[in-house]
Q: 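Let me begin by handing over the structure; questions about it come next.
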Amino acid sequence: MGRGLGGEMAAEVCLHQKQNVSIPSCGAPAARPATLQGLPVAAGLGVGDTFLFPGLSFQLSGAAPRLADSRSEKARLVEAEAAIAPEVAAGESPDASGGMTAMLADPLFRGSIIDRIEAGMTAADAVVQTTHDLIAIYADLADPVLRQRAEWAEAVGRRLFRWLHGLATPVFGPGTRRVLVTDEMSPFEATRLSPAHVAGIVAERGGATSHFAIIAKQMGIPVVGGIAGALRAIRSGERCICDGLNGLVYLEPDPDTWVAAGTRLAEMDRERADLAALGGLPATTRDGRRTDLWGNIAGLADVQPVLDAGGTGVGMFRTEFVFTGDEAPSEERQAALYGEVLRRVPGPVVMRTLEAGGDKAIPYLAGEREDNPNLGWQGLRMCLDLEPLFLTQLRAMIRASAEGELWIMFPLVSARWELQRCRELVARANTEVVRDGGRPGNYRVGIMVEVPAAALLADEYLRDLDFAVIGTNDLTQFTLAADRMNPRVARWYDPYHPGVVRLMAMTARAARRAGKPIGVAGDLASDPAFVPVLVGLGFTFLSATAPRLGAVRRALGATDSRQARELARTVLSLTDGDQIRTLLHGSGRPG
Ligand code: PEP
Ligand code: MG
């Protein structure tokens, strides 16, 4: 089984391994060594000891205060402090352990927690509330030393919180890398992971385009999803190889597999270096036709990797990641952040307005529980109902627009009236900025095409817009009625489905007729095999996460634009996703 980790051997290995897989339903861990088959969610190979990390959102329980027994809650807090103190002291760097140890004893931090417990809160709720308050106080300060206190407060608060819920947090010494085993992780939690310490993720749920997977891809962390019962089947501290390309998890692997993983990792390092060297090349096809290559980001930290990979713009800034925490960020804070992103990026920055809901639930924006959140009150719908919140974000963007090239983008548009309303609100936000003494904004306005209705009406919609971007992740989900989060319907979730590809083609044609830029920002834009089709369909920019930009650039450089048009025509004549896959990859989907 020594060659099982090579990409070219994937199909053979999957078939071979499937026969050996058994995840015990009784809760007894499988005998070792063992190989578990899941779904390939984020490609890559991670090697490290496992750490069981059940998901737990760092948020208030919603329990009414004054119900807790403050004496026992205080005792629990003291116990939690004593338990995490040695972990904190052994932190990943002297700076981190010093900062966190000081925070643990900080009179403001500790005092506020105790006050809240005495007022009747549970210790866990008191920790959450105090941590959020301290973040709000420190995160906006100009002094970097004080600002860092926000980070220490959060790190300590989260550790206390997990301990109070009976869960451990991994301790990462220098050079330690772990494979996290989880049931489900929120994308907001995922942004807190560090690829320096997280070698891979094994998840019970989550599909390839679930938002936590997207964040992991952005950070280059491999993920295997869809392993039901993983938290029961895997023990903490097992040696593990997480093969995100093939969806395989090797536990206590035999020496051959271990050596093969080392070889594959070295190959991947070489490949990464080769692709990084392409960063300076122009983004053109072999015959010199330009297609802009931009990056997807979730925050300021993602900008430099995009620029390093040769991205000349940001094709989608998922601004919802600015809205984590206990309350919405102020206009001031948003304007400063958006301005900084615009300043750093030499080309356009497509800022998508807040898209919360679904698997990106933000507690303070949560509405009533819905039976079908993916078809419910989320994204633009939420913003249109929460007008003050929406206007605050629009004003912040407009105030920042002097710093660069701002393109404002609305997600999940389905109806024409939404576009009109968005235009009115942008105009109103602009007027308010000017009224308050600011400069009028300089921006373009566009939409994401991710609901089939928007693709079908692209001709009409694009008349009033400056650009459009296809979100292939949602367009696939909504065209095929297959939840992008649910591993059980992964078979039905197929971005190569002709229904999806034809809707993309319709939109690209409409944009060409209107003479407007048209991009792709979903996962399909980072699929090198599909890049020639996108070129042939006439997309003018592609936006991918930084780690994928090199492979996309190489695919673009190998494409001849005339042949690409021919290829796109052939693809559009096919009637089945597997036919398209076979045409582009030489084989269909296994299983
Ligand atoms: C998409 O739907 O393809 C997209 C780019 O947006 P998100 O993945 O954030 O929903
Ligand atoms: Mg989307």
Side-chain angles (χ1 to χ4, degrees), residues 41-42 186-188 190-191 206-219 223 225 294-299 302 306 313-324 349-362 373-383 407 409-414 418 446-455 467-486 493-497 499-501 503-504 507-508 518-527 530 534 539 541-546 548-549 552:
V41 165
S186 93
F188 303 120
T191 57
T209 62
S210 53
H211 284 100
F212 103 82
I214 286 168
I215 296 302
K217 285 179 200 175
Q218 201 148 294
M219 296 192 287
V223 181
W294 297 343
N296 291 346
I297 65 168
D302 301 325
V306 167
V314 165
M316 182 176 61
F317 178 1
R318 290 182 164 98
T319 62
E320 50 276 15
F321 288 89
V322 179
F323 285 72
T324 54
V349 175
V350 181
M351 283 194 200
R352 177 171 81 180
T353 55
L354 170 68
E355 196 196 44
D359 66 328
K360 285 180 295 190
I362 295 180
N374 274 335
L375 300 182
W377 192 65
Q378 60 154 324
L380 183 63
R381 297 164 187 189
M382 188 184 275
C383 284
W407 295 19
M409 176 167 74
F410 303 105
L412 211 83
V413 169
S414 54
E418 292 175 300
I447 59 166
M448 289 205 83
V449 173
E450 38 191 4
V451 176
F467 69 95
V469 178
I470 308 250
T472 56
N473 306 334
D474 277 322
L475 188 62
T476 304
Q477 156 166 272
F478 295 130
T479 304
L480 304 175
D483 184 348
R484 60 196 268 191
M485 271 301 285
N486 185 347
Y493 182 94
D494 182 8
Y496 280 28
H497 190 294
V500 179
V501 181
L503 287 169
M504 293 174 70
T507 314
I518 176 79
V520 183
D523 257 29
L524 205 53
S526 7
D527 175 351
F530 207 78
L534 297 176
F539 286 96
F541 64 92
L542 307 181
S543 190
T545 57
R548 300 296 297 156
L549 278 175
V552 175

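Position 1 is the first residue of the sequence; numbering continues from there. Order of appearance sets the numbers: ligands from 1, and atoms from 1 within every ligand. What's counted below: heavy atoms across the whole structure, side chains too, no hydrogens, waters or symmetry copies.
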Q: If you take the nearest heavy atom of each of R484, R318, M316, which one is closest to atom 10 (O) of ligand 1?
A: R484
Q: CZ of R484 to OG1 of T209: how many Å apart, nearest 0.5 Å?
A: 4.5 Å
Q: Using the six-membered ring wherever Trp is involved, compare the ring planes of W294 and W407 and label them parallel, tilted or perpendicular (cut-offs 30° and 60°).
A: perpendicular
Q: Rounded to the nearest 0.5 Å, what separates atom OG1 in T472 from atom CG in L503?
A: 12.0 Å
Q: Identify the protein heavy atom lying closest to atom 7 (P) of ligand 1, giving its residue, its atom name and the separation to 0.1 Å.
A: H211 NE2, 3.2 Å
Q: Tell me the contacting part of I214 for ligand 1: side chain, backbone, both, or neither, using a 4.0 Å heavy-atom threshold, strictly below.
A: side chain
Q: In Å and rounded to the nearest 0.5 Å, what is the CG to CG distance from N374 to L412?
A: 9.5 Å
Q: For side chain to side chain contact (heavy atoms under 4.5 Å, CB included), just list the numbers for K360 and E355, CA-CA rounded to whole Å, side-chain angles, deciding distance to a tenth of an Å, and then say yes or no.
A: CA-CA 8 Å; K360 285 180 295 190; E355 196 196 44; 2.9 Å; yes
Q: Heavy atoms only: which of M448, R352, E355 is nearest to atom 6 (O) of ligand 1?
A: R352
Q: If you consider just the N/O/S atoms, which atom of E450 is the closest one to the Mg ion (ligand 2)?
A: OE1
Q: Here's a test for you: under side chain to side chain donor-acceptor pair (under 3.5 Å), which of D302, T191, T545 qualifies with Q218?
A: D302
Q: Looking at A521, which atoms of ligand 1 are within less than 4.0 Å of one of its heavy atoms?
A: 5 (C)
Q: Quick check: D474 and ligand 1, any N/O pair under 3.5 Å apart?
A: yes
Q: Determine whether the side chain, the backbone, both or neither of Q378 has a heavy atom under 4.0 Å from any heavy atom of ligand 1.
A: neither
Q: Which protein heavy atom lies closest to atom 3 (O) of ligand 1, and at what distance to 0.1 Å?
A: N473 N, 2.7 Å
Q: Can you tell me how far CD1 of I447 sits from CZ of R352, rounded to the nearest 0.5 angstrom?
A: 13.5 Å
Q: Q477 near ligand 1, heavy-atom distance under 4.0 Å?
A: no
Q: Restricting to N, O or S atoms, which atom of D474 is closest to the Mg ion (ligand 2)?
A: OD2
Q: Can you tell me how far CG of N473 sits from CZ of F478, rounded to the nearest 0.5 angstrom?
A: 10.5 Å
Q: Between CD1 of I215 and CZ of R318, what distance do you get to the nearest 0.5 Å?
A: 6.5 Å
Q: What atoms of ligand 1 come within less than 4.0 Å of a heavy atom belonging to G522?
A: 3 (O), 5 (C)
Q: Which atoms of ligand 1 are found less than 4.0 Å from any heavy atom of K360?
A: 9 (O)
